[in-house]
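Single-structure report; data block below.
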Amino acid sequence: MKGILISWIVSTGVILLTAYVLPGIAVESLVSAFIAAAVLGILNALVKPILFFLTLPITILTLGLFLLVLNGIMIWITSALVPGFKVRSFRWAVIAAIIISIISFILQRLF
């Protein structure tokens, strides 16, 4: 349980940092960031494995780079579901996915 809470807090911080760095991402409040992190985590746990399986041939052909597009899709869906978390376009969602993936990987290793 403690690990999930730490992961949620780290994800929230990464979303806030990404919104601060990228002009195409906007978070209205800390509560919106917490909700967006929770929704993104749930989508990554439930929807992403299905999409990964369906797009496995494309992922293999692109040597795994299509996973960045899948992460962008997850962020795009999150922005549609969470009020207060806005992504201007799909391009910004993919850029945010790259930044969130890198920073989350580094911070998860630290914590």
Under a 3.5 Å distance rule, please check whether S29 uses its side chain to pair with a backbone N or O of S32 as donor and acceptor. yes

Do K48 and I73 have side-chain heavy atoms sitting under 4.5 Å apart? no

What's the separation between atom CG in L16 and atom CG in L30, rounded to the nearest 0.5 Å? 6.0 Å

So do P23 and W92 actually touch side chain to side chain, heavy atoms under 4.5 Å? yes

Ignoring hydrogens and angles, tell me if any N or O in the side chain of W8 forms a donor-acceptor pair with the backbone of A37 under 3.5 Å. no

I'd like to know if the side chain of S104 and the backbone of I100 have a donor-acceptor N/O pair within less than 3.5 Å. yes

Inter-residue atom distance S79.OG - F90.CZ, 0.5 Å rounding: 10.5 Å

Do L54 and F66 land in one hydrophobic cluster if side-chain heavy atoms of ILVMFWY residues count as linked below 4.5 Å? no

OG1-CG distance between T62 and L67, expressed to the nearest 0.5 angstrom: 7.0 Å

Is it possible for you to say whether I9 and I103 belong to one hydrophobic cluster, with membership spreading through side-chain heavy-atom contacts below 4.5 Å? yes

All heavy atoms of A36 vs all of I15, minimum pair found to be C-CD1, 4.0 Å

I75 and A96: which non-hydrogen atoms are nearest, and at how many Å? CD1-C, 3.9 Å

Single-linkage hydrophobic cluster F34~L5, side-chain heavy atoms < 4.5 angstrom: yes

Kindly compute the distance separating CD1 (I35) from CZ (F85), expressed to the nearest 0.5 Å. 12.0 Å

In the single-linkage hydrophobic clustering (I, L, V, M, F, W, Y; side-chain heavy atoms under 4.5 Å), do F53 and I42 co-cluster? no

Using 0.5 Å steps for rounding, measure from the CG atom of L40 to the CG atom of L81. 10.5 Å

Within this structure, what is the OG-CD1 distance for the pair S11 and I4, rounded to the nearest 0.5 Å? 11.5 Å

Looking only at heavy atoms, which two atoms of L51 and M74 are closest? And how far apart? CD1-CE, 3.3 Å

Is a side-chain donor or acceptor of R91 paired with a backbone partner of G24 at a separation under 3.5 angstrom? no

ILVMFWY cluster, V69 and L61 together (side-chain gap under 4.5 Å): no

Considering all heavy atoms, the nearest S101-A97 contact: OG-O, 2.7 Å

